[in-house]
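Have a look at the structure below, then the notes.
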Amino acid sequence: MIKWFSNLKFRYQLVTGMIFITSAALFLIGQVSYFYFYERNTNEVLRRARSSVQMAGESLSYQFNSLSAATNHLLVKEPFPQMIAAINNYSFTGYARYFTTATAVTDSFLQNHDLINNVLVCGDDQIMFSPTSLGISSHFDKLLPENIWQYQHITVLPTRYSTMFGNKGVIPVSYPVSSILSSKHLAYQDIPDCRKVRFILLIDTEQIRDYFNRMSNRYTYCMYLADENGQPLDITEKDYPDAFLPQICQWITDGSPGQEGTVKAENEDLFLTMDRIKFCNLNVVHMTKKSALTGDIKELRSFFILVWIACFLAAVLLSLALSGLLTRNLRVLGTIIRNINDKTYTKRREFNHTDEISLLGIQLNQMYDTIQLQLLQIKEEEQKKAMAEIQMMSEQINPHFLYNTLECIHFQILNGHSKTAEGMLESLGKYLRTTLSFGKTLISVEKEVEHVISYMEIMNRHSLNGIQIETKIEPSLKDCKIMKILLQPLAENCIRHGFGGSVSGFEPVPPRIDILISSAENNRIRIEVTDNGRGIDLEVANACITENSPESQKHFGLSNIQKRLKACYGDSFRISFLSIPYLKNSVIIELPKDI
């Protein structure tokens with residue numbers, strides 16, 4: 001990070017520094033404010049939760065105690081003592097005997113207690129009495145699937161739903177009851193060796209939930225009733241899965257009345273407050289999610305984000321203005337250096353002040369003048385060296401060709417072919433006028449083509465069946481300059497490798513060489529020398545134009561051309577090959593038009 005910052009321009013360093021300072025200050029203020037309001041919000045929510053739980057606990061304690069007292073009065077009224085005693089003694093014969101009286105008593109009980117949905121009196125084999133449903137016996141196992149006979153004390157069971165009561169939720173409260181008529185005594189316990197009897201109150205879950213909803217606040221995730229083991233009674237796991245987590249149940253079981261705490265769920269913290277009801281050790285639990293507490297301060301966070309954006313923009317604008325003022329002269333120097341790199345520094349920038357940056361600009365101009373002078377000297381030396389190298393390689397071709405040509409002229413004279421020797425000498429003169437143009441590395445395209453035609457005239461004197469040569473030059477390229485002695489080695493290769501060094505007249509097709517010079521893309525000249533000989537070995541040809549390869553030592557012509565082009569054009573030329581035996585075998589060279 002430090003290295004990256006150090007590599008930035010000064011103005012961007014200033015901008016970055018101001019943005020960092022502004023952002024750090026606002027971040028610190030935002031975090032402090034966030035934690036302050038979060039703590040204040042949390043304390044307020046917990047205070048409300050304590051108040052809600054305490055009020056709900058006191059209210060439900062009173063209601064359950066009143067309900068328990070009313071249940072006591074109900075169970076001592078006729079016909080319930082006789083009904084319970086009959087069940088205990090295995091002498092109960094059905095509804096008919098007690099139904100009318102029991103229904104009248106329970107109707108009054110249900111009307112006076114809104115929390116009660118229904119009551120059941122049952123033995124340990126079937127339901128014996130329910131004032132609102134005659135068919136509940138067949139649904140007993142669905143309504144109470146657990147073994148209610150194992151509970152020896154008053155027990156509150158979790159909510160369940162039954163079609164017998166319009167799919168409403170009910171919380172069963174199981175009372176173990178026994179009655180001995182001889183003693184006129186009612187007890188909440190089981191008598192040994194007697195049939196077990198349970199009096200079950202079905203509390204309306206909706207009434208409990210409505211009450212808790214009224215006691216809740218907007219931060220409440222869930223307020224519910226739990227048994228002594230921490231299991232929720234009036235809610236379902238589908239609606240409030242977090243309330244059924246093992247750690248929540250354990251926290252309630254291990255807790256004490258009025259305790260508060262935080263329990264970690266899978267993805268967030270849950271704030272819990274509980275109070276205990278003096279009825280079956282029930283607990284009122286209030287649960288709040290941390291995300292609900294942070295919801296209100298999202299607006300505060302949004303406010304700080306907007307403030308940060310505003311300060312960010314202000315810091316950027318002010319720092320840009322200040323950096324522009326401080327780096328104005330530095331930008332001038334940067335422009336000069338950039339123009340020097342782009343080779344466009346033609347109009348000198350003068351510095352008339354005496355500050356440090358102006359003095360640096362004056363020294364930069366002086367250094368530029370010195371460098372330009374040195375570059376000019378180096379360029380002149382490189383040009384001289386290149387021309388000398390090209391001349392040396394060009395002259396390497398001449399002795400080889402002259403030796404062969406003079407041998408041919410000598411042979412013609414010895415055989416009395418004076419006219420043939422005379423023609424060859426005339427063509428040789430034309431050829432040497434171009435070859436021996438000392439001091440000239442480049443010649444026109446037209447002159448280079450005349451040179452290769454003179455060469456072919458000399459070569460065609462060797463046999464009666466000569467090689468036909470055709471040249472085609474794009475008119476606009478006739479006066480363009482190219483490296484001299486470029487076409488002759490290519491024509492010589494056509495004769496030597498394409499036609500076997502001589503022409504006998506028995507070739508599959510009449511021997512022919514075509515030279516096409518045309519314009520190419522990117523202001524370049526395209527030279528294509530084509531023969532219809534037996535073809536080019538592309539692998540060997542490509543190896544010949546590769547420096548320091550064994551093939552370049554064996555095939556002098558292509559290697560010499562590649563070296564001379566390299567010295568003359570640098571890397572701006574390209575040589576490629578195409579071979580279709582006895583149809584089209586081409587060497588293609590592309591050169592820059594202007595050098």
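Each residue takes its place number in the sequence, starting with 1. Below, each value reflects all heavy atoms present in this structure, side chains not excepted, and no hydrogens, waters or symmetry copies. Quick caveat: nothing in here was measured; it's all calculated off a predicted structure.
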Next on the checklist: Quick one, Lys593 and Ser519 - any side-chain contact, counting heavy atoms below 4.5 Å?
Outcome noted: yes
Item to check | Test item: Ser68 side-chain N/O and Phe64 main-chain N/O as donor-acceptor pair under 3.5 Å | outcome: no
Checklist entry - Under 6.0 Å between ring centres, would you say that holds for Phe271 and Tyr221? => result no
Checklist entry - Does the pair Arg40 and Glu44 meet the rule for a salt bridge (Lys or Arg N to Asp or Glu O under 4.0 Å), with working shown? => result CA-CA 6 Å; Arg40 191 184 73 171; Glu44 177 64 19; over 6 Å; no
Next on the checklist: Working note: Phe109 + Leu201, criterion side-chain contact (heavy atoms from CB on, under 4.5 Å); need CA distance, chi angles, decisive distance, verdict.
Outcome noted: CA-CA 11 Å; Phe109 176 77; Leu201 292 178; 3.8 Å; yes
Checklist entry - Passes salt bridge (Lys or Arg N to Asp or Glu O under 4.0 Å), Arg209 versus Glu206? Steps please. => result CA-CA 5 Å; Arg209 294 306 311 151; Glu206 291 185 1; over 6 Å; no
Next on the checklist: Here's a test for you: under side chain to side chain contact (heavy atoms under 4.5 Å, CB included), which of Val177, Ile191, Asp190 qualifies with Val197?
Outcome noted: Val177
Next on the checklist: Among Ile154, Ile200, Val121, which residue satisfies the side chain to side chain contact (heavy atoms under 4.5 Å, CB included) criterion with Tyr175?
Outcome noted: Ile154
Next on the checklist: In terms of relative ring orientation, are Phe80 and Phe199 parallel, tilted or perpendicular, with 30° and 60° separating the classes?
Outcome noted: perpendicular
Checklist outcome for this item: Looking only at heavy atoms, the pair that brings Lys290 and Glu268 closest together is N-OE1, 3.5 Å
Item to check | Greater than 12 external heavy atoms within 6.0 Å of Lys238's NZ | outcome: no
Item to check | Pair Ile588-Arg574, side-chain contact (heavy atoms from CB on, under 4.5 Å): steps then yes or no | outcome: CA-CA 8 Å; Ile588 303 168; Arg574 188 170 71 90; 5.7 Å; no
